[in-house]
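Just so you know, residue 1 is the first one in the sequence shown, and it goes up from there. What you see below is based on every heavy atom in this structure, not just the backbone, and it leaves out hydrogens, waters and symmetry mates.
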Amino acid sequence: MMARLNLLLLAILVVCALSLVSSQHKARKLFVELQKQQEFAKQLDVEWGQLQLEQSTWAMHGRIEKIAIQKLNMRVPQSARIQVVPLVVQETGP
């Protein structure tokens, strides 16, 4: 009777030990994956900053004006030919 109880307790102990090792292994794998994803997020942040800088460079007024003049043969009109259109705000709702 006592030997069976000892064997049962030993089996429970082994199962608990194996599940502990298994859960620690899974936790370590998940932590490594988390670190990889955080590094990837940092790389994306750096790339996003570079893309924003590039976009602001491409949209600079001087660059656009240069292309308009050189490639599209556009010119700034005479001041007498410029009309300013007023902004009309329409009210919505009751």
Side-chain angles (χ1 to χ4, degrees):
M1 179 77 174
M2 193 63 148
R4 282 188 167 184
L5 181 61
N6 284 342
L7 286 176
L8 179 64
L9 290 175
L10 179 64
I12 291 172
L13 180 65
V14 168
V15 169
C16 288
L18 289 175
S19 64
L20 176 66
V21 169
S22 175
S23 65
Q24 285 180 337
H25 178 69
K26 287 179 185 177
R28 286 187 180 124
K29 282 178 66 175
L30 289 172
F31 183 72
V32 168
E33 183 64 27
L34 174 65
Q35 287 181 322
K36 286 179 185 178
Q37 294 301 320
Q38 287 174 337
E39 183 63 32
F40 184 63
K42 286 179 188 176
Q43 290 173 354
L44 289 176
D45 281 341
V46 168
E47 185 178 353
W48 173 250
Q50 291 171 343
L51 289 172
Q52 285 181 318
L53 180 62
E54 184 178 340
Q55 180 186 24
S56 67
T57 302
W58 283 101
M60 288 178 63
H61 178 72
R63 181 180 179 283
I64 293 172
E65 188 174 353
K66 180 180 174 184
I67 291 172
I69 291 170
Q70 290 178 349
K71 294 187 178 182
L72 302 175
N73 296 320
M74 296 176 84
R75 301 284 180 245
V76 177
Q78 299 170 355
S79 59
R81 298 190 66 190
I82 297 176
Q83 277 188 336
V84 177
V85 180
L87 176 64
V88 178
V89 179
Q90 295 180 356
E91 291 187 29
T92 58

* Can you sort out the partners of Met1 under side-chain contact (heavy atoms from CB on, under 4.5 Å), two or more places apart, ordered by chain and number? => none
* Asked: Taking the hydrophobic residues Ile, Leu, Val, Met, Phe, Trp and Tyr, and joining any pair whose side-chain heavy atoms are under 4.5 Å apart, which ones share a cluster with Leu13?
  -> none
* How is the hydrophobic cluster of Val85 composed, in terms of its other members, when Ile, Leu, Val, Met, Phe, Trp and Tyr link through side-chain heavy atoms under 4.5 Å apart, directly or indirectly? -> none
* Hydrophobic clusters join Ile, Leu, Val, Met, Phe, Trp and Tyr when side-chain heavy atoms are under 4.5 Å apart, directly or via other members; which others share one with Leu9? -> Met2, Leu5
* To do: Scan for side chain to side chain donor-acceptor pair (under 3.5 Å) pairs involving residues 56-70, sequence neighbours excluded, and state none if there are none.
  => Glu54-Trp58, His61-Glu65
* Quick one: name the residues clustered hydrophobically with Met60, using the 4.5 Å side-chain heavy-atom rule over I, L, V, M, F, W, Y, and just say none if it's on its own. => none
* To do: For Ile12, check side-chain contact (heavy atoms from CB on, under 4.5 Å) against everything at least two apart and list the hits.
  => Leu8, Cys16
Side-chain donor-acceptor pairs under 3.5 Å in residues 71-81, sequence neighbours left out?
none

* Hey, could you give me each pair passing side chain to side chain donor-acceptor pair (under 3.5 Å) that has a residue in residues 9-32? Not counting sequence neighbours. => none
* Structure fact -> Contacts satisfying side chain to side chain donor-acceptor pair (under 3.5 Å) that involve residues 36-47 (not counting sequence neighbours) are Glu33-Gln37
* Asked: Can you name the residues that form a side-chain contact (heavy atoms from CB on, under 4.5 Å) with Leu87, not counting sequence neighbours?
  -> Val89
